[in-house]
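Comments concern the structure below.
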Protein chains: 2
Amino acid sequence: MSGPTIYDVAREAGVATSTVSRAFSNPNRVGATTRERVFAVAAELGYRPNPHARALLSGRHHTVAMVVSDITNPHYFELIRGAEQRAKASEYTLVLVNVEESPRVEWDQVQRLVPAVDGFVLAASRLPDENLRQVAGQRPVVLISRELPDLASVVLDHVEGCRRVVEHLASLGHRDLVYLAGPRNSWMAATRWSALQAATEENGLTARRIGPFTPKVAQGPAAADGALNAGATAVVAHNDLLAIGVLQRLAQRGVRVPEDVSVVGFDNIFAADLCTPGLTTLGGVHADVGRVAMELLLDAAAPAGRPEEQPRVVLPTELVLRGSTGPVRAP
Amino acid sequence: MSGPTIYDVAREAGVATSTVSRAFSNPNRVGATTRERVFAVAAELGYRPNPHARALLSGRHHTVAMVVSDITNPHYFELIRGAEQRAKASEYTLVLVNVEESPRVEWDQVQRLVPAVDGFVLAASRLPDENLRQVAGQRPVVLISRELPDLASVVLDHVEGCRRVVEHLASLGHRDLVYLAGPRNSWMAATRWSALQAATEENGLTARRIGPFTPKVAQGPAAADGALNAGATAVVAHNDLLAIGVLQRLAQRGVRVPEDVSVVGFDNIFAADLCTPGLTTLGGVHADVGRVAMELLLDAAAPAGRPEEQPRVVLPTELVLRGSTGPVRAP
DNA sequence: GTGAAAGCGCTAACAT
DNA sequence: ATGTTAGCGCTTTCAC
C-alpha cells in the first residue's frame, strides 16, 4: 500500500538514510552530485516523504484547521476560499470543520484536532471566551468575526459600517430602526447591536432589537412578522440570509419594500444582488478576511515562534445600496 | 508544546504502555478496573493520542480529502456539507482542496496528499481518465459527477433528468434547443449534451450546442449573446450560475424571459429561487450526493479492504419549474 | 560532506 | 489480562 521509504532510496543511491533525509529537508547541506543522485533515484522510485513520520518527530504537521459555524451560509464560502488559497500557497493542508452553530460540536471537534494540526482559524466561533483561551493555550488561534483580548483576530469594521448604515437610513428620513438580532452567543450580533446603538444615538434616531433569530432564510417570516408588529419603518437584519427571508415574507404579506419598510442586511452575499428588490447590505471583501486570517495563523505557527503581540486586523466594509432601502413613508 | 504520552499515563497508572494503548484502541481487551484507572489518569493528565504516531504505524490516518473544482460555486457547498457531515460522524477528518478548474493544480494537490490521507472524493474532477486511474491505484477514490469504469462514483441521473427538461420544453411548444456547454474537460458537460441530444431526438426536437463556457455568472453575457445570435427560443445552460448570468444579460438587452426565450439551468442552487424570473432548473439532493460519496469512500477505506465491485450510485433528479420557462412565442 | 544510531508516540506480535 | 519489545519513516545529534 505505502510506497518506498528513504531506506529504499538510500540503498539504491548507495548513501545513508540521513543523506537522503538531508537532501530533502536541507538540500544545501549535501554535496551537489550526491544530491542529484538522490533526487534521481527518488524520482525513479516514486518516493514521497511520509508527512506523519515527519510530523511525529518535528511536532509540526503542515496542517491547519478552519472551523466555521455554518457552512451553508454563502458568506463563509469566500472566507474559506481565501483561507484555502493562502494555505495552499504555503503548502499547508486545510482541514475544514462545520459545527452547525453548536458550541458543543465545536469544542469536541477542536479538541479532537488539537494533536493533529498546527493551528486553528475559528470563524464566527460560538465558544465562550474561556474555551477560546484554552484552545489558544494549546495551539495558535486566529479568530474571524470575533475579538478577544490577547487573541489574534480579523474582523470587518462594523463600527464604521454600522454608522454608514444608520446615516444612510437617516438620510432617507427614518427616525427609528429595528435590529433583527443574530444568535445569542454570536459576537457579531452583539457587536452590530452596540454599533447600531452608538450610531443611532449619534444621529438622533432610536434603535430597538428583536430576536434572537437563527440567521437563515427560514427564520425570515418570524423576523418579518416581529418587525411589522413593532411598527418598524426600517429593519436591519443580522445577515443577508435573514434579510432575504424577511423580504420574501413581506412580499407575501403585501408589504411593499422600500415604500412601506426598508430592509438592510449584512455580508453582501451573491444572492443579495438577485432578489427583488435588490438588498442593500453592508459588505466587505470576505476572501481577504480569510486570506489575512490564514496569513496570521501561518505566521504564528511558523517555527520562529509567535510574537507576544497578537495582531488584531480590522478590514474596511462597504455599504452596497440597492432597491430595498428608500425614503420613509409619510407618517 | 506537545502533551503527555502513553508513557506518562502508564507510569502514573502503574501499568505498561501497551495496556494504555489497548485501553484506548481496544477497550474490552483490558480489565475493567485497570481501564478505569487508565482513563482516570489520562483525563487528569490531559492525555490525547497522537494521530501521527498512530498513522505512522497503522498506515491509516482517519483522514480523507475532498477535492472540488470550484469552491465558489454554491452547488459544491451542499456536496461538501453532506460529505463533511458523514466524515465527522465516523470521526474522520476532512481535508478540503479547491483546485479552481485547473487539472494541473488538481494533480499536484492530490499527489501531495496521497501519503497523508486514506482516500479521495473527487467532485467534478477535471483530470484525464488515466490520471484518475493512477490515483485510484494509490488510494481509494470516489468520483462525484463523473463516471469511469472500475471506479466508484455518485452522479445524478442526467439521462432521466435531461429527458424531463426536454419534455417540459417540448410541451411548451419549443422545437429547438441550444445548450450552453460547460468546460471542455467536464464529464458533466459531455453527459448533459449527449443526454439532451438523445432526448431531443426522442421528442422530435433539434439540439445545438455552443460554447464551451466557464460556468460562472460572468460568462453569462457571452453565452446569452451566442444563444440570441443562434436564434434560440429555449436555452439550457450548463449550470445555474451560467443561467443566471444569461438571465441578467437578456434583461439588459431587453429580451423577455420567458416570452421571447426560455431558460433552464442545472443544480437548483439557492439563488435560482431568488432571481427574476425564478429559474427553472434540474435539481437534486446534493447533500445526499456528498454523503453517499463519503460513505462509499469510508467503506472502501475500511480495514476490511475494498470489494472488487466498485459501486456506481445514480441518484434521482427533480425538475424544478419556475418562471424562466414558458410557451414558445408565435413564429 | 556523509554515516551511524538514537529516538518521536504509538501499536502489535509475542511472552507471561 | 498484562508486560516486553521491536519497529513504522523520518530527523537529528554526534562522530568521522
Side-chain angles (χ1 to χ4, degrees), chain A residues 1-39 41-42 45-63 91 112-118 138 303, chain B residues 1-39 41-42 45-63 91 112-118 138 303:
Chain A
M1 177 109 253
S2 46
T5 72
I6 43 171
Y7 289 99
D8 303 313
V9 178
R11 184 164 14 82
E12 286 301 310
V15 299
T17 59
S18 47
T19 305
V20 178
S21 173
R22 276 189 283 258
F24 279 93
S25 46
N26 223 333
N28 31 1
R29 289 179 22 114
V30 161
T33 36
T34 325
R35 192 196 315 145
E36 289 320 312
R37 193 168 61 254
V38 168
F39 285 156
V41 172
L45 262 47
Y47 165 77
R48 309 192 148 276
N50 180 324
H52 294 296
R54 197 175 272 203
L56 183 54
L57 197 52
S58 66
R60 306 197 53 254
H61 324 66
H62 249 249
T63 300
E91 300 201 284
R112 195 175 72 77
L113 287 172
V114 162
V117 304
D118 291 325
Q138 308 179 89
Chain B
M1 177 108 252
S2 48
T5 73
I6 45 171
Y7 290 99
D8 302 314
V9 177
R11 183 166 12 81
E12 286 300 310
V15 298
T17 59
S18 49
T19 305
V20 178
S21 173
R22 275 190 283 259
F24 279 93
S25 47
N26 222 334
N28 31 1
R29 289 175 27 109
V30 160
T33 36
T34 327
R35 192 196 316 145
E36 289 320 312
R37 193 168 61 255
V38 168
F39 284 157
V41 171
L45 263 47
Y47 165 77
R48 309 192 148 276
N50 180 324
H52 293 296
R54 200 176 272 204
L56 183 54
L57 194 51
S58 66
R60 308 197 52 255
H61 325 68
H62 250 249
T63 299
E91 301 201 282
R112 196 175 72 78
L113 287 172
V114 162
V117 303
D118 292 323
Q138 309 178 90

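Here is the naming used below: chain letters follow the sequence lines, and residue numbers restart at 1 for every chain. Worth saying up front: this structure is predicted, and the values here are computed from it rather than measured.
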Query raised in the report: Could you state the CG-P distance from B/Leu56 to D/dC8, rounded to the nearest angstrom?
Result: 9 Å

Report task. Tell me what A/Val15 touches on the nucleic acid: a base, only sugar-phosphate, or nothing, going by heavy atoms under 4.0 Å. Result -> sugar-phosphate

Requested in this report: Measure from the side-chain N and O atoms of A/Ser21 to the backbone N and O of A/Thr17, and report whether any donor-acceptor pair falls under 3.5 Å.
Outcome: no

Query raised in the report: Hey, is the side chain of B/Arg29 poking within less than 4.0 Å of OP1 or OP2 on D/dT2, counting only N and O atoms?
Result: no

Requested in this report: Assign A/Thr34 to base, sugar-phosphate, or nothing according to its heavy-atom contacts below 4.0 angstrom with the strands shown.
Outcome: sugar-phosphate

Query raised in the report: Can you tell me how far P of D/dC10 sits from NE2 of A/His61, to the nearest Å?
Result: 17 Å

**Report entry** Nearest-Å distance for atom pair CG/C1', residues B/Leu57 and D/dC8
**Finding:** 5 Å

Query raised in the report: Judged by atom type as modelled, is there a donor-acceptor pair below 3.5 Å linking the side chain of B/Arg35 to the main-chain atoms of B/Asn28?
Result: no

Requested in this report: Assign B/Phe24 to base, sugar-phosphate, or nothing according to its heavy-atom contacts below 4.0 angstrom with the strands shown.
Outcome: nothing

Query raised in the report: For the base of D/dC10, is there a side-chain donor-acceptor partner from A/Tyr7 under 3.5 Å away?
Result: yes

Query raised in the report: Reckon A/Thr19 has a side-chain N or O less than 4.0 Å from the OP1 or OP2 of C/dG3?
Result: yes

Query raised in the report: Side chains of A/Arg37 and A/Val15: does their closest heavy-atom pair fall under 4.5 Å?
Result: yes

Query raised in the report: Is B/Asn26 reaching over with its side chain to a backbone N or O of B/Arg29, donor-acceptor style, under 3.5 angstrom?
Result: no

Query raised in the report: For the helix from C/dG1-D/dC16 to C/dT16-D/dA1, what is the angle between the axes at its two ends, each from 5 pairs, rounded to 10°?
Result: 30°

Query raised in the report: Can you find a donor-acceptor N/O pair under 3.5 angstrom joining the side chain of A/Ser18 to the base of C/dA4?
Result: yes

Query raised in the report: Okay, side chain of B/His61, backbone of B/Pro51: is any donor-acceptor separation there less than 3.5 Å?
Result: no

Query raised in the report: Heavy atoms under 4.0 Å, any strand shown: does A/Ser21 hit a base, just sugar-phosphate, or nothing?
Result: base

**Report entry** Euclidean distance, atom NE2 of residue A/His52 to atom C1' of D/dG7 [Å, nearest integer]
**Finding:** 17 Å

Requested in this report: On DNA chain D, check which nucleotide each of B/Ala16 and A/Arg48 is closest to and give me the residue with the more 5' one.
Outcome: B/Ala16

**Report entry** A/Arg35 CZ to C/dG1 P, straight-line distance once rounded to whole Å
**Finding:** 10 Å

Query - B/Phe24 vs B/Val38 side-chain heavy atoms within contact, under 4.5 Å - result: yes

Query raised in the report: At under 4.0 Å, does any side-chain N or O of A/Arg54 touch on OP1 or OP2 of D/dC10?
Result: no

**Report entry** Rounded interatomic separation in angstrom, taking CD1 from B/Ile6 and P from D/dG3
**Finding:** 12 Å

Query raised in the report: Rounded to whole angstroms, how far apart are NE2 on B/His62 and P on C/dC10?
Result: 16 Å

Query raised in the report: Between atom CG in A/Asn26 and atom P in C/dT2, what is the gap in whole Å?
Result: 13 Å

Report task. Anything under 30° is parallel, anything over 60° is perpendicular, the rest tilted; go ahead and classify A/His52 against B/His52. Result -> tilted

Query raised in the report: What do the steps show when you test A/Tyr47 against A/Ile6 for side chain to side chain contact (heavy atoms under 4.5 Å, CB included), and what is the final call?
Result: CA-CA 8 Å; A/Tyr47 165 77; A/Ile6 43 171; 3.5 Å; yes

Report task. Could you check A/Arg22 against A/Pro49 and say which one's nearest nucleotide on DNA chain D is further toward the 5' end? Result -> A/Pro49

Query raised in the report: Phosphate oxygens OP1/OP2 of D/dC10: is one of them under 4.0 Å from a side-chain N or O of A/Thr17?
Result: no

